[in-house]
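Notes for the one structure printed next.
For ligands, and for the atoms within them, numbers begin at 1 and follow the listed sequence.
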Amino acid sequence: MPANLTPEYEKAELRYRQATSDDERLVALQAMLSAIPKHKGTEKMQADLKRRISQLRREEHRAAQSKGPDPFHIPRSGAGQVVLVGPPNTGKSSLLAATTHAPVKVAEYPFSTVVPQPGMWHKDDVQIELVDTPPVTADHVPTGLMGTIRNADVVCVVVEAGEAALDQADMVLGVLSARGLALRSAPRNEVPAGDSSWRPALIAATKADLASSGTIEVLRDLYAVSGRQSPDGPRPGDGLEVVGLSARTRHGLDDWFRRLWALLAMIRVYSKEPGRPPDMHKPFVVPAGATVADLARQIHRDLPDRMKFARLWGHSRFEGQQVHKTEPLRDKDVVEIHE
Ligand SMILES: Nc1nc2c(ncn2[C@@H]2O[C@H](COP(=O)(O)OP(=O)(O)OP(=O)(O)O)[C@@H](O)[C@H]2O)c(=O)[nH]1
Ligand SMILES: [Mg+2]
């Protein structure tokens, strides 16, 4: 080491050697550069310090860019997004594994899921998005999970059918209610725009293959849609449907889908060209209450203006009845639009 280095430089160099992160290394290198005596004898060292500083800056920049999006932000796709929320080990990931192709980790030990994982559940001719999440406990809600839950269209509380079911459900409902979120088994189209105080929801009691059927009935009685009567007035989960199911035997999965679909408040409508049979494999999925004009808009942006009338098969008085574009549609209607 050249003799003319200052104690200040040497201190900075010591900090560099003992640094445990790139951040600390960068700060130390900058301190070394500013403390080094500026003369011909240290020119090489100065150049070397500058090179190391710019290399570290480049690496930090690259790391910041590759950090990528927030894993707790799950963009919506499909007819609606359902987030599974529950205590550890209740079988949330197993439900995704049973219904989707998502790469989920199922394990005998608790806390096996650490970040949310979406998957598409294709059933009949429609699809809904399920989101598996890391578990919640009375003392811990993973950072970011409330955002995932609020962003979803429907919340499915996943508990184990059995003795612990009631405590598990109460814990989850309590944790959400403490953060300002109530759950109700009412369809999505009843949530007023901009209201984030409640979400459409239901309780799924899993591992029903291990439980006696009575336990699901007890839960159902307690959370019945008519409301739980308690001396303290309504509780956070009053008015919640309960569905019993098993990822292992697949019992109850169809019923679960049907109820989730009802909460999402979507309808499927089939389009048909004049003189041709309808395409019964690819429905248009529109919100409940949508009209013929809404369907037309989904087919082509200009179609609502161009269309003259439609013919309707399904809920109309007679098959092929001529209807106006303001006609509201029902699930499984077949519509033929005439320009
Ligand atoms: N008998 C039975 N076992 C199940 C069922 N569903 C899940 N299990 C078992 O329960 C354990 C936990 O399942 P997971 O799907 O990993 O549970 P999880 O809720 O995702 O757990 P965390 O991610 O830790 O919160 C595993 O050993 C599964 O095999 C079921 O329907 N029946
Ligand atoms: Mg899991």
Discussion item. Below the 2.8 Å mark, what number of protein N, O or S atoms do you get around the Mg ion (ligand 2)?
Written reply: 2
Give yes if a backbone or side-chain nitrogen or oxygen of [X] is under 3.5 Å from a nitrogen or oxygen of ligand 1, and no if not.
| X | answer |
| --- | --- |
| N89 | yes |
| G91 | yes |
| V106 | no |
| A247 | yes |
| D132 | no |
| L245 | no |

Per [atom], closest listed option by heavy atom ([options]):
| atom | options | result |
| --- | --- | --- |
| atom 25 (O) of ligand 1 | R248, K92, K105 | K92 |
| atom 14 (P) of ligand 1 | A98, G252, S94 | S94 |
| atom 30 (C) of ligand 1 | E108, E160, K207 | K207 |

Discussion item. Between W198 and P192, is there a side-chain heavy-atom distance shorter than 4.5 Å?
Written reply: yes
Have a look at ligand 1 and work out which part of [X], if any, has a heavy atom under 4.0 Å from it: side chain, backbone, both or neither.
| X | result |
| --- | --- |
| T90 | both |
| S93 | both |
| S112 | both |

Item to complete: State whether K92 and D132 are salt-bridged, where the test is any N-O pair (Lys NZ or Arg NE/NH1/NH2 against Asp/Glu carboxylate O) under 4.0 Å.
Response: no
Worksheet item: Is the shortest distance from a Lys or Arg side-chain nitrogen in K282 or D125 to a carboxylate oxygen in the other one below 4.0 Å?
Response: no
Discussion item. Before you tell me yes or no, could you show the steps for K40 and E43 under salt bridge (charged side-chain N to carboxylate O under 4.0 Å, His left out), namely the whole-Å CA-CA distance, both residues' side-chain angles and the distance that decides it to 0.1 Å?
Written reply: CA-CA 5 Å; K40 197 120 186 101; E43 261 174 12; 3.6 Å; yes
Worksheet item: Taking only residues two or more places apart in sequence or in another chain, which ones pass side-chain contact (heavy atoms from CB on, under 4.5 Å) with D305?
Response: none
Discussion item. With a cutoff of 4.0 Å, is L210 in contact with ligand 1, counting heavy atoms of the residue only?
Written reply: yes
Worksheet item: Do T148 and N151 have a side chain donor and acceptor closer than 3.5 Å?
Response: no
Item to complete: Go through the steps for E217 and R220 under the test salt bridge (charged side-chain N to carboxylate O under 4.0 Å, His left out), then give the verdict.
Response: CA-CA 5 Å; E217 288 312 315; R220 207 165 268 153; 3.0 Å; yes
Worksheet item: Could you state the interatomic distance from CH2 (W256) to CD (E241), rounded to the nearest 0.5 Å?
Response: 13.5 Å
